[in-house]
Amino acid sequence: MPSVIPTVLVFGSHPGAVGRKQISRIREHARVYQEKYVTPETLAELMYHDMYRSVLPRTLWIMDHCITQPQFREISNQIVEYVRTWRYGRKEDIKVGLQRSSEIAVRNFRLGNLMATYYTKAVFLKNVAASDSWFVPDPEHNSLQLESDPDSLGSQASVACRKVGNGWFGWIGDIVDNEGEMGFTTFVVETMIRLHNMSIPEP
């Protein structure tokens, strides 16, 4: 199957050079539009026009609270519906490791798209299935054991991605990774927007 270049619509941007550097990297793999630089008509077309044509996938990259603005209520309500069980967890500065129970994460690691471990300051998620979790606190470094208690950091995920319909919904909780400019985090973003070109078996 030929590789398809996705269209990425970015909601919001982190201040300073971090957001610009990430977006510059993503432009190498996709057509990127930022909501603050396009007209409402263009936004509507990017979000809804031809949405059922597989030849032009859509990616929504939400970098801050911009998605909660009234004009985006329809899509933000849909996002809430996608992840009804996911909840904000703890915010930690910690070493995270690849979740070996996630087939997609492990496959991308073997392809060289993801690293095995990295240090990050991140907002973690609770109630994420192990198969949907990509990065979790590294037990070898942090002396943590995975636990059933959702409030335990050991059972939370800093990066998660799950199948939703014909697409994917992902969470990247990184605030700053150990490169200081979110270099490793950008690899995670790039991996997520390329998922539509991977052959994924049905569960």
Side-chain angles (χ1 to χ4, degrees), residues 3 6 8 14 18-19 21-23 25-26 28-30 57 59-63 79 82-83 85-164 167-203:
S3 178
V8 176
H14 294 303
V18 173
K21 288 183 179 180
Q22 283 187 294
I23 291 171
R25 283 276 299 276
I26 300 305
E28 298 174 11
H29 307 285
T59 301
L60 304 178
W61 182 14
I62 303 165
M63 298 178 70
I79 288 169
Y82 288 158
V83 288
T85 61
W86 288 2
R87 295 289 184 272
Y88 282 119
R90 290 164 57 175
K91 179 179 173 182
E92 298 285 347
D93 192 344
I94 203 168
K95 183 181 180 182
V96 295
L98 193 74
Q99 169 60 276
R100 301 290 175 172
S101 298
S102 169
E103 178 185 350
I104 304 304
V106 170
R107 187 185 308 187
N108 275 286
F109 168 71
R110 290 172 177 165
L111 290 172
N113 298 330
L114 296 176
M115 63 297 300
T117 61
Y118 67 101
Y119 289 88
T120 182
K121 179 184 290 183
V123 176
F124 286 74
L125 283 185
K126 299 189 291 186
N127 302 339
V128 179
S131 58
D132 297 332
S133 173
W134 282 18
F135 284 93
V136 295
D138 181 27
E140 294 182 4
H141 178 77
N142 301 292
S143 299
L144 293 169
Q145 298 295 324
L146 294 180
E147 301 173 17
S148 58
D149 178 6
D151 292 322
S152 164
L153 182 62
S155 65
Q156 298 180 21
S158 62
V159 178
C161 194
R162 61 175 292 187
K163 196 81 167 66
V164 176
W168 298 84
F169 188 90
W171 165 270
I172 302 172
D174 296 346
I175 301 170
V176 179
D177 70 23
N178 70 339
E179 285 194 354
E181 294 183 344
M182 302 186 77
F184 290 144
T185 306
T186 304
F187 282 116
V188 178
V189 175
E190 292 171 348
T191 299
M192 284 189 178
I193 69 172
R194 289 197 298 262
L195 283 176
H196 62 276
N197 278 322
M198 289 190 69
S199 176
I200 309 297
E202 292 296 325

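Sequential numbering from 1 along the given sequence is applied to the chain's residues.
Taking CD from Gln99 and CG from Asp132, the interatomic distance works out to 10.0 Å, rounded to the nearest 0.5 Å. A distance of 10.5 Å separates CZ of Arg90 from NZ of Lys126, quoted to the nearest 0.5 Å. The CD1 atom of Ile79 lies 5.0 Å from the CZ atom of Phe169; values are rounded to the nearest 0.5 Å. How far CE of Met192 is from CG of Asn108: 9.5 Å, rounded to the nearest 0.5 Å. The line from CG of Leu195 to CD1 of Ile104 is 7.0 Å long, rounded to the nearest 0.5 Å. Note that CG of Leu125 is 8.0 Å distant from CD of Gln156, once rounded to the nearest 0.5 Å.
Contact of the Arg162 side chain with the Trp168 side chain is not registered, since no non-hydrogen atoms from C-beta on lie closer than 4.5 Å. With contacts defined as side-chain heavy-atom distances shorter than 4.5 Å, the pair Phe109/Met115 does not qualify. Considering only heavy atoms from C-beta on, Trp134 comes within 4.5 Å of Leu114 through its side chain. Side-chain contact between Val96 and Asp138: absent, with no pair of heavy atoms (C-beta onward) separated by less than 4.5 Å.
The shortest heavy-atom contact between Ser158 and Phe124 is N-CD2, 3.4 Å. Across Leu98 and Val106, no two heavy atoms sit closer than the pair CD2-CA, 4.1 Å. Heavy atoms only, all atoms of each residue included: Ala30 and Ile193 are closest at CB-CD1, 4.3 Å. The heavy-atom pair separating Cys161 from Trp86 by the smallest distance is N-CH2, 4.4 Å. The shortest non-hydrogen separation linking Ser102 to Ser133 is CB-O, 3.1 Å.
For Tyr88 and Trp171, the distance between ring centers is under 6.0 angstrom.
Remark: the backbone N or O of Thr85 is paired with a side-chain donor or acceptor of Asn127 at under 3.5 angstrom.
At a cut-off of 3.5 Å, with distance as the only test, a side-chain donor of Asp174 or Tyr118 sits close to an acceptor on the other residue.
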